[in-house]
Amino acid sequence: MGRTVSVEIVYRGIFQKTLAKNISRGVVLAARRGGKVGIAFGRYGDSPERNGVPAKNFAIVAPDQDELELSMAQYEPAETDVTIAVDDTLCKGVESWAWYGLQPINQKVRPDGVLVVTSTLPADAIVEFCHRKPFPYRLAVIPAIPSFSGLWVYKNDHTDVRVLGTLAKVCPELVSLEAMLAAIKEEWKDDLKVTSARRAYEQTEVRVVRPDEGNPEVPYTFTLPGWTAMREGVTVEGMPLGAPMRVGGEVGGYRPARNPYFKKFSTRTMRPVVDFEKCVKCTLCWLQCPDGCFDVTPEQTYDLNADACCGCGVCAAVCPVDDCITMVNEAAFTDHRSQWERYKADPAAYAAWVRGMLAGQSERSHGFRYRGQYQEQIAKLRAGAGGEGGGE
Amino acid sequence: MDADAAAVQAAEVEQEALISGSEAVAVATKLVDVDVLTAYPIRPYDTLMQYVAKQIADGEQDAEYIVAESEHSQFEIAKHASAVGARALCGSSGVGWCYAFEAIAVTPALRLPLVAMVGNRALDDPGAFGTEHNDALAARDLGWLHVWVDTAQEALDTTLLAYRVAEDRRVYLPVAISTDGAFLTHSQSLVRVPPRAWVDRFLPPYDRGKLVLHPDNPITIAPQVNEDWLMEIRRQTDEAMRQAPGVIEEAWRDFRAIFGRGDGSPFFEEYYTDDAEIVLVGMGTLSMPVRVVVRKLRAEGQKVGFVRVRWFRPFDYEGLGALLSRFAAIGVVDRDFSMGSPFHSGVLANEIRATLYAQDRRPPVASFISGLGGREVTIPNVREMFELTRRAAESGAAPRDTLWIGVRS
Ligand code: SF4
Ligand code: SF4
């Protein structure tokens, strides 16, 4: 008879909302062809209309209605057979809402379950982002940029069906390739999509991730209070005032207090890098950042708080000095260290680091900066992956 | 089924669609050819208006689709559309439903058979999207018919039934269809969509007769009446509500004949009740975890069951009274609250207590409040409620006051 199989799709609002929906629907429709029943749903508390916010969709497939009932009237399954990240920076973990803490991307993946990631990075680099698990699981990387497939005017790059084809490979228990291709044909009425799914199936490579691999950090969590301990009147404490920065022997500037229960950085796909040597101390970045992410250093320059920054790019846009603040692909970073402290410790090394960050950055589709950028990306990807990236 | 019905059934077949509960209601509005839909966005109800908008944009549905500037206007427009003889649909959630309350309150007395989907949502503040039944229940005493559903299929089917019942000349009252936010409104499952021909056979056109507002039929609706008339008007609404159970039963019979679905009572659904010693009673998608636990406890040899109340107004006090008085104890699960009420209970528990008072045999009623604000009612929560109900059966007395299950203390 089989058992319940759960698939999770982690994506970024708003750009990937339709993509995630298409994937979860595709799973249920394909499984239906195998005589199974299923549900497809988005996690209800998410705000998938907001730019970049991590959000989740699920597809749950069961052998019959009785079995499926266990998974209905729930927000999310306790564990997944497959978790799919359609943006590799999500592999650093997602913080969905205040008090949720940081949820590792593989948090729900069961023993021997699979994490599927669309990325242009090699699998080993993805592993470094993902938090360690106490048991082995599998990882499959689909060569692709963070896709906007299905979003209004953007071209369909077949990421949806490439993920579905990969699913048939990594989780044959869920659905056979034949059923998947038939469902794709019926839902999209497009032979090219069927071909893309089949190719993804054929090309999928799966790597085992051992318990000693990955990010060793223990993700932050919070304990929710009971009703007798909570403040009454639906009130929470306001933020206290901040304090001067203290770095080494130096004391000065100002570091505002920040919300410890909702840090927001997992929304970020690009991170500002500040070249302190170029800064003219105009204060614009500090004033214009919608989230108050800059700490004022004792030298009156502005240091990014990487826990708080959602990566909107406003600071880089308002900074009047060329290449003083540059947005860099979040995938290029492995920590949240203070850039200013780094600079103070060794200005020459910092300058080299900044140069490296600016030179080596890979592209992202975090919003488009010019018309035709997406087409260029697709073409590059096609060339890089031996003609396999794009689809149409 | 008569020969006619068999011919209709053979002519067309049902299609399967992967849709949510709200989308199922939207599909039903297409099937019944609703004339006027009014909308104002609030989660989770907005999933209905989005899908209707898509159906209209895709050319599948032909209707006046009016996005109002507030829920108050939204319900007023639907009300007036209904008065001129248009089949109308509106709906809302949580405080949106409350914002429309003036229009909601006056609709039954005007005998306007509009149908509303309530995507049940907690009344914020505090901000919360999750399901809680106090929104719909705030209008429980006013002459609206209220029905709760637990699957997308039932949402579709019940919308068809709702128009049939509301537009029956003996009733002419509005119907609110409650669908749990998230679990029904945002979860897509496989739904059988019947062909238009079956629906046409089930649902006659809306005929407002002499009550229609039209230049050819000059009438004034809702003049000032004061104490001279009001009590008689209330009694008329009351009479219409008293007629509703018979009309619901008729509609249910026909529904079963045409669509081949709908066993048992239209008013409530029984699950493993035949030889049950104790049962839980509740509404909406609470059924999912409860049914799972019923099967588990049955496998462990416990004679437990579940009764899901569908129609809350009219409340089937005769049918439910006769059924529930059989058991050794009853546990009522409210996904709502009624602050300061007898036993600090939820709304449903006290309706059940009142219902049982007229019975010769009155089993102890344990009452629970759970799943507020959309909190999941978990398998352990349900087990705990069955256990407390079982103890009430053994001792012959339930805990006096309502217990909150699944709250952090
Ligand atoms: S990108 Fe810049 S402006 Fe935007 S949140 Fe981060 S620091 Fe603030
Ligand atoms: S906007 Fe640029 S130049 Fe102005 S303070 Fe910020 S980093 Fe310095």
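Scope of the values below: all heavy atoms of this structure, side chains included, with no hydrogens, waters or symmetry mates. By convention in this document, chain letters (A, B, ...) are assigned in the order of the sequence lines, proteins followed by strands, and residues within each chain are numbered from 1.
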Drop me the distance from E376(B)'s CD to E76(A)'s CD, to the nearest 0.5 angstrom. 8.0 Å

Within 6.0 Å of CZ in F222(A), more than 12 heavy atoms from elsewhere: yes

Could you walk me through whether R32(A) and E16(B) satisfy the side-chain contact (heavy atoms from CB on, under 4.5 Å) test, starting with their C-alpha distance in whole Å, then the side-chain angles of each, then the deciding distance to 0.1 Å, before giving a yes or no? CA-CA 10 Å; R32(A) 183 67 181 146; E16(B) 199 173 64; 2.7 Å; yes

Of Y75(A), Y44(A), W227(A), F41(A), the largest count of non-hydrogen pairs under 4.5 angstrom with chain B goes to Y44(A)

Does Q188(B) reach the side chain of I39(A), with side-chain heavy atoms less than 4.5 Å apart? no

Closest non-hydrogen atom pair between A73(A) and M288(B), with its separation: CB-CB, 3.9 Å

May I ask you to name which of G371(B), S187(B), A128(B), S189(B) has the most heavy-atom pairs under 4.5 Å with chain A? S187(B)

Chain A contact via I379(B) - which portion, at a heavy-atom distance below 4.5 Å: side chain

Bottom line for A40(A): the part with an atom under 4.5 Å from chain B's heavy atoms is both

Which atom pairs, donor and acceptor, lie under 3.5 Å between side-chain atoms of residues 130-138 of chain B and protein residues at least two apart or in another chain?
unit_1  : atom_1 : unit_2  : atom_2 : d
T131(B) : OG1    : D180(B) : OD1    : 2.9
E132(B) : OE1    : G373(B) : N      : 2.9
H133(B) : ND1    : W148(B) : NE1    : 3.4
H133(B) : NE2    : W148(B) : NE1    : 3.2
H133(B) : NE2    : D180(B) : OD1    : 2.7
N134(B) : OD1    : F337(B) : N      : 2.9
N134(B) : ND2    : F337(B) : O      : 2.8
D135(B) : OD1    : N120(B) : ND2    : 3.0
D135(B) : OD2    : G94(B)  : N      : 2.9
D135(B) : OD2    : R121(B) : N      : 2.9

With respect to chain B, which residue among I60(A), L68(A), L224(A) yields the maximal number of heavy-atom pairs within a distance under 4.5 Å? L224(A)

T285(B) OG1 to E69(A) CD distance, which is reported to the nearest 0.5 Å: 11.0 Å

If you measure from CZ on R291(B) to CE on M72(A), what distance do you get to the nearest 0.5 Å? 9.5 Å

Search all heavy atoms of T228(A) against all heavy atoms of S409(B) and return the closest pair with its distance. OG1-C, 3.4 Å

Interface check, chain B: of D66(A), V37(A), L29(A), most non-hydrogen pairs under 4.5 Å belong to D66(A)

Which atom of L190(B) lies closest to which atom of K36(A), heavy atoms considered: CD1-O, 4.5 Å

